[in-house]
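Since the model is a prediction, treat every value here as computed from it, not as a measurement. Note: hydrogens, waters and symmetry copies are ignored here, and every other heavy atom, side chains too, is used.
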Amino acid sequence: LGDMYHMVDPDNPSNQVTALLQGTAKLPESRANDVAVQQWVNNLQQKRMEELHLSVSSSDFVQHFERRKESTQSSPSGRHYGHMKVIARMEQSLVRDTIVRIAATAVITKQPLDRWLRCTQVMLDKGKGAYIENLRIIQLLEADLNFMLGF
């Protein structure tokens, strides 16, 4: 952040955290035309839930993963559907609530989790021969991303 650290410094009584979140912060002249800084400020701005029509809960998580097979394949991160099914069945909802809040925050702020940026593409034989036109291509995404895409 360099010359902009004072704007977010929690120890600075005149920091501009609220202004940044509202999109009204005054940037230093040296950074006013910096495209990367403009993008950063835009990404920091709070998004309203009504604006995005996103309402997801712990019970939605349970309903989603109860219906899935444990053997369902997911992405390269190693977070298997079986893990999500166990979390959905847990009596205590802390882990489930945390996963839902992290995923919802990523969607609301338009900042996907790093592991959501990768998928695995698999080509499956439809049983009609080994020609490219006879193959089915599927993408394996993260289990929590698939969950969020359902809303």
Side-chain angles (χ1 to χ4, degrees), residues 1-2 4-27 31 34-127 132 134-151:
L1 288 173
M4 293 178 48
Y5 180 74
H6 69 281
M7 296 177 74
V8 295
D9 182 2
D11 296 326
N12 178 4
S14 61
N15 70 36
Q16 296 189 40
V17 171
T18 303
L20 283 166
L21 294 174
Q22 294 173 348
T24 59
K26 176 92 170 108
L27 298 175
R31 300 292 193 109
D34 187 332
V35 175
V37 170
Q38 293 293 334
Q39 182 64 42
W40 175 71
V41 170
N42 186 43
N43 289 340
L44 284 176
Q45 292 177 16
Q46 292 175 329
K47 310 298 188 268
R48 295 186 315 229
M49 288 292 278
E50 312 84 55
E51 182 180 322
L52 296 173
H53 305 292
L54 177 67
S55 177
V56 61
S57 68
S58 183
S59 61
D60 295 325
F61 183 94
V62 171
Q63 286 179 329
H64 178 81
F65 286 105
E66 278 182 344
R67 296 179 294 181
R68 302 293 181 256
K69 295 179 185 175
E70 189 170 338
S71 61
T72 301
Q73 294 295 317
S74 58
S75 77
S77 75
R79 292 192 169 135
H80 190 272
Y81 266 80
H83 299 144
M84 297 299 186
K85 287 187 73 70
V86 168
I87 292 168
R89 292 180 189 143
M90 292 172 64
E91 287 184 30
Q92 296 291 327
S93 66
L94 179 64
V95 175
R96 188 170 47 247
D97 292 341
T98 303
I99 291 171
V100 168
R101 286 189 183 131
I102 289 170
T105 301
V107 172
I108 290 168
T109 59
K110 300 179 184 176
Q111 295 295 307
L113 302 176
D114 287 342
R115 58 191 171 80
W116 287 1
L117 301 176
R118 289 178 291 286
C119 71
T120 301
Q121 292 185 338
V122 180
M123 298 177 87
L124 302 173
D125 184 6
K126 291 183 184 178
I132 191 78
N134 294 329
L135 298 175
R136 176 179 301 148
I137 301 172
I138 62 170
Q139 291 189 59
L140 302 177
L141 303 174
E142 290 289 339
D144 54 348
L145 176 57
N146 270 331
F147 164 63
M148 292 306 294
L149 290 174
F151 288 89

Atom NZ of Lys126: over 12 foreign heavy atoms under 6.0 Å: yes

Which pair of heavy atoms, one from Asn15 and one from Asp9, lies closest together, and at what distance? ND2-O, 3.0 Å

Flag the pair Arg115 / Leu145 as yes when at least one side-chain heavy-atom distance between them is below 4.5 Å, and no otherwise. no

Return the minimal non-hydrogen interatomic distance between Val62 and Ala88, and the atom names on each side. CG2-O, 3.5 Å

Mark yes or no for whether Arg96, through its side chain, and Met90, through its backbone, hold a donor-acceptor pair below 3.5 Å. yes

Non-hydrogen atoms of Tyr81 and Lys69 that approach each other most closely: CB-O, 4.1 Å

Distance col, row Ser58:OG vs Leu94:CG, nearest 0.5 angstrom, shows 10.0 Å

Residue of the set Leu149, Leu141, Asp144 for which side chain to side chain contact (heavy atoms under 4.5 Å, CB included) holds with Trp116: Asp144

Would you call the rings of His83 and His80 parallel, tilted or perpendicular if under 30° counts as parallel and over 60° as perpendicular? perpendicular

As an exercise, state the distance from CG of Asn146 to NE2 of His64, rounded to the nearest 0.5 Å. 6.0 Å

Looking at Lys85 and Glu70, does any basic side-chain N land under 4.0 Å from a carboxylate oxygen? no

Taking Lys26's backbone N and O only, do any of them form a donor-acceptor pair with Gln16's side chain (distance below 3.5 Å, no angle check)? yes

To the nearest 0.5 Å, how far apart are CG in Leu124 and CG in Leu135? 8.0 Å

CZ on Arg118 to CG on Leu140, rounded to 0.5 Å: 14.0 Å

When you measure from the side chain of Asp60 to the backbone N and O of Ser57, does any donor-acceptor pair fall under 3.5 Å? yes

Interatomic spacing from CE in Met84 to CZ in Arg68 - rounded to 0.5 Å: 12.5 Å

For Leu117 and Pro112, the nearest pair of non-hydrogen atoms, with its separation, is CD2-CG, 3.7 Å

Heavy atoms of Ala104 and Met148 approach each other most closely as CA-CE, 3.8 Å

May I ask you to test the Thr105-Gln111 pair for a side-chain heavy-atom distance under 4.5 Å? no

Look at the aromatic rings of Phe65 and Phe147 and report parallel, tilted or perpendicular, splitting at 30° and 60°. tilted

From CG (Leu20) to CG (Leu27), nearest 0.5 Å: 7.0 Å

Distance-minimising heavy-atom pair for Arg67 and Gln63: NE-O, 3.1 Å

